[in-house]
J.: 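Below are the structure tokens for one structure; questions will follow.
Letters A, B, ... are given to chains in the order of the sequence lines, protein chains preceding strands, and every chain is numbered from 1.
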Amino acid sequence: MPTLTIDGQEITVEANTTVLQACEELGIEIPRFCYHDRLSIAGNCRMCLVEMEKSPKPIASCAMPVGEGMVIHTKSPVAEKARKGAMEFLLINHPLDCPICDQGGECDLQDQAVAYGRGGSRFDEHKRAVKDKYLGPLIATTMTRCIHCTRCIRFATEIAGVEELGATYRGEETEIGTYIEAALTSELSGNLVDVCPVGALTNQAYAFSARPWELRKTESIDVHDAVGSNIRIDCRGAEVMRILPRLHEDINEEWLSDRSRYAVDGLALQRLDQPYVRVDGKLKPASWDAAFAAIQARLNAMGEAKGERIAAIAGDMADVESMFALKELFTALGSRNLDCRQDGAKIGGKHRGGYLFNSTIAGIEDADALLLVGCNPRWEATLVNARIRKRWLAGGFPIAVIGGVASATVDLTYKYDYLGAGPATLAEVADGSHHFAGVLAAAERPMIVLGSGALARDDGAALLDLARRIAQDNGMLGGDWNGFNVLHRAASRVGGLDLGFLPGDGGRDVAGILDGAGKGEIDLVWLLGADEIDMTALGQAFVVYQGHHGDSGAHRADVILPGAAYTEKDATWVNTEGRAQIGRRAVFPPGDAREDWTILRAFSAVVEQPLPYDNLQQLRRHMAGEVPSLGAIDVVAAGDMGAFGMAGSVSAEPIVSPVGDYYLANAVCRASAVMAECSQLYTSAGGAGRAGGATGTDG
Amino acid sequence: MKRVPAPPEQQPGNFAFTPENLALAKQHIAKYPPRRQASAVMPLLDLAQRQHQNWLPRAAMDAVAEMLEMPRIRVYEVATFYSMYNLAPVGENFVQVCTTTPCWLRGSDDVVGACKAKLGIDFGETTVDGKFTLIEVECLGACVNAPMMQINDDYYEDLTADSAKAVLEALANGEKPKVGPQNGRHASEPAGGPTTLHAYTGDG
Ligand code: SF4
Ligand code: FES
Ligand code: FES
């Protein structure tokens, strides 16, 4: 533990700390461009120069490890002159186009030029100009602004795991790009915009639309997958302008998956902004009262046993509060036909450990072997995948895959051993006859991750049982380590399972509801944002669609109740780890649309079964009383591991990932023009073809 | 001058080493420890360029990347970094005239003028018959025989406007001019003849 002196203050730090990090520990700010906490050290911008006694020239503090007895000056004339010099060099070729640059107002170069630069330039020659590069539909480039910090290259290479960006040519001719002008094939490419310290890489979808100081910033939660990434929603007036990641070390670190960042335009398109009632086969705008009356009339027509004849299905983006209210409403109406598993996953029940990602996302870094079953994490949970890659890069982390990806050639951004496509291989691992069983047995903290593709099959319960046995037999459930994990992809799923939005005793699950509707045994189906079921199977049933987008559910509906998208409500979601998090309303829902729980509360009064809460606080208190875990925000409680899954025979069918198209996974994405362009480019036939390869279009 | 890659219509669809070059490539790779085969990228690019009329199409870089199991961009970085790799077609005779200070002091301006006049092209251009490409380069390490130019693998040194023209003339006629100093001296011996006793007695 070396001790050094920085600006007259002594500090003792871990060996291998850099001078810059030691300065930060003392709260001394060191300007930097190329240095980034989560990337390797490049030491090429020279902005972090400081004076070190006994050194003939200033040192790059980001790249200099601390040494015993070092004496550092960060504010001495030498240091200040060095910074001014570095800044002057950086600005030599940097255009003076801040007024038309999207980075303006949140630009490291701008800020640091003001704080550490000279007042003016002494450079009278021509500045160089660089052709802009094509990096795909998500990133706008203005390469003349690039200062060659190489952060983007390091991000793509190290974090995103796609070695496609590089620095070509040299010296004054250096250019950053792919050289071949091809779109980056990463689902994390939007983060390049964040790592670029200048305006060279900016958000294409947000180009020239706002200035940072005009934006209202709301901290919220992402619901495009079940990761629960923390986000910041930037709005101007009633419009969501952009979405940025927010730091959460245990979930998304400081990254965000492209779908979550770039589907914003979908929030304003295809919106349901007023109630509709189907009259003579056509959906006609209606008032809330008329819409409620139409549903009530249908209910009344069913007479006494209506509980048996009604059902509710919750979609993948539903929030906990509205599912809770819907469950209570249906219970009050006497129905047990509830399900939050649109895909028919064979999961749920009172043992929480059976459906959670128990190791936790950050816990992946502690694991020492991994078996992925029936999932393509790159598409189903991009940031979980990034964590797996991070762990893999650290070394000593054998990874094996069973199903989920079409073949061993699918790029998950790390090397893996493709054991096979079907349940038979899983059974071999379970009975110990497969060689990878030995790897798991030898590991101290092995993990198994079961994807939703495996659970949604007819033999899902048997696969769950096999996975559980593998966990049990390989020391995954011992002591302080739980290596049994289910990777969900629907933001609503764990919350729905937690509060028991599931068929009650003798109630019908999704398949039963569809079957009943087809046979005329179910008369009314309430879809809470459920778009990914087979609408044609609903037969003659009266369909109430409560949701925010005019997607397949709304097309089939007899009554549409316009709800709020995730950016428009204060609501809770529980991520795949079982971590409840609160999203906050950034803008109001459009037109007549309302926050979802209030719609249900209002309807409950119409049918004279008023729900016992008049505001969100009351609802939450009530809900936390029933399901305490939903009241504990941002905590991951260890899931209990009672009996779950069911031994049974498995089919020989390969296990496929349910995500056919990363960019079109839900109604918001399907409304987004940006996502449509990406889908066209990356996943449709003839596109660049990325990870994945499963078929089907459900989310 | 920046080397602009050949446009797509000039890029061949694929590239494969000839059996002889493949054998040479394997020799280069074998010089490095296992899993360090990427170290062979420069000699392999050079082989590819020699095989392909003295320029490196993208297909060749991709072939090298695949052979060395490197991401393609890492090969593009190397190929663009070193000015010795040509990214677009060049003439049969690739004339590189040094204009760095020592050569310049010794009259490289005349050499450049003679080349331009003789070939009828400017720097960065290729003659219509495809025989010559002329470029300007930085020091090629032969300052002791300044001024000089390099044509393909050969150095022509101690040039004057006339001797430069003569070299180009010979090449244009399909002859093989004598390489090295063009003013009669041997290698980089003192210009006025030997100045030591040993040299005088001829045994040194
Ligand atoms: S594009 Fe941005 S991140 Fe990439 S090297 Fe240039 S300045 Fe750095
Ligand atoms: S931050 Fe140290 S050299 Fe760039
Ligand atoms: S300056 Fe021309 S060879 Fe060195």
Side-chain angles (χ1 to χ4, degrees), chain A residues 40 42 44 93 126-136 141 143-144 146 148 150-186 189 192 389 393 395 408-409 411 413-415 688 690, chain B residues 1-15 34-39 41-42 45 48-49 55-88 99-100 123-124 135-140:
Chain A
S40 60
N44 56 20
N93 277 316
H126 287 299
K127 287 174 181 263
R128 78 169 194 154
V130 183
K131 264 213 193 117
D132 292 344
K133 302 286 181 291
Y134 173 74
L135 298 179
T141 67
M143 297 318 282
T144 300
C146 170
H148 308 110
T150 71
R151 275 188 188 181
C152 54
I153 302 178
R154 285 174 282 142
F155 176 85
T157 307
E158 295 161 17
I159 311 280
V162 294
E163 275 198 69
E164 292 167 3
L165 269 181
T168 50
Y169 300 95
R170 66 172 160 180
E172 220 205 347
E173 287 167 358
T174 306
E175 292 189 7
I176 305 289
T178 59
Y179 185 69
I180 50 174
E181 298 290 295
L184 292 175
T185 60
S186 170
S189 61
L192 292 173
R389 175 175 165 80
L393 281 178
T409 55
D411 182 8
T413 72
Y414 36 81
K415 282 215 175 72
R690 292 200 182 185
Chain B
M1 188 172 306
K2 183 155 183 177
R3 292 157 303 138
V4 182
E9 57 277 15
Q10 283 183 15
Q11 296 276 0
N14 48 46
F15 174 93
R35 289 186 292 114
R36 294 283 183 273
Q37 69 274 31
S39 303
V41 63
M42 291 179 50
L45 285 175
Q49 171 158 306
W55 72 282
L56 263 183
R58 220 178 86 197
M61 302 185 219
D62 292 348
V64 169
E66 191 174 333
M67 224 168 136
L68 301 179
E69 292 171 41
M70 297 167 76
R72 291 176 172 187
I73 183 70
R74 300 282 98 91
V75 177
Y76 303 151
E77 285 179 327
V78 173
T80 53
F81 185 91
Y82 292 101
S83 57
M84 296 80 157
Y85 297 117
N86 296 317
L87 306 176
T99 57
T100 304
F123 284 141
I135 67 158
E136 171 184 37
V137 292
E138 301 303 332
C139 179
L140 288 169

J.: Pick one of side chain, backbone, both or neither for A:Ile153, based on which atoms fall under 4.5 Å of a heavy atom in chain B.
T.: side chain
J.: Pick whichever of A:Thr178, A:Thr174, A:Leu165 has the most heavy-atom pairs under 4.5 Å with chain B.
T.: A:Leu165
J.: Would you say that more than 12 heavy atoms from the other residues, nucleotides or ligands in this model lie under 6.0 Å from the NZ of A:Lys131, or not?
T.: no
J.: Going by heavy atoms in the side chains, are B:Glu77 and A:Tyr179 under 4.5 Å from each other?
T.: no
J.: Is A:Glu175 close to chain B through its backbone or its side chain, or both, or neither, when contacts mean heavy atoms under 4.5 Å?
T.: side chain
J.: Would you give the length of the straight line joining atom OH of B:Tyr76 to atom CD of A:Glu164, rounded to the nearest 0.5 angstrom?
T.: 10.5 Å
J.: Can you establish whether the number of heavy atoms outside B:Gln10 located under 6.0 Å from its atom CD is more than 12?
T.: yes
J.: Could you tell me whether A:Arg170 atom CZ has more than 12 heavy atoms of other residues or ligands within 6.0 Å of it?
T.: yes
J.: List the atom of B:Ile73, the atom of A:Thr168, and the distance in Å for their closest heavy-atom pair.
T.: CD1-CG2, 4.5 Å
J.: Under 4.5 Å from any heavy atom of chain B, what part of A:Thr157 do you find: side chain, backbone, both or neither?
T.: side chain
J.: Report which part of B:Arg3 has an atom under 4.5 Å of a heavy atom belonging to chain A: side chain, backbone, both, or neither.
T.: both
J.: Can you establish whether the number of heavy atoms outside A:Glu172 located under 6.0 Å from its atom CD is more than 12?
T.: no
J.: Does A:Tyr169 offer a backbone N or O that forms a donor-acceptor pair with the side chain of B:Thr80 under 3.5 Å?
T.: yes
J.: Within the 4.5 Å heavy-atom criterion, are B:Met61 and A:Ile180 side-chain neighbours or not?
T.: no
J.: For B:Arg74 and A:Gly166, which heavy atoms make the closest approach, and how far apart are they?
T.: NH2-CA, 3.9 Å
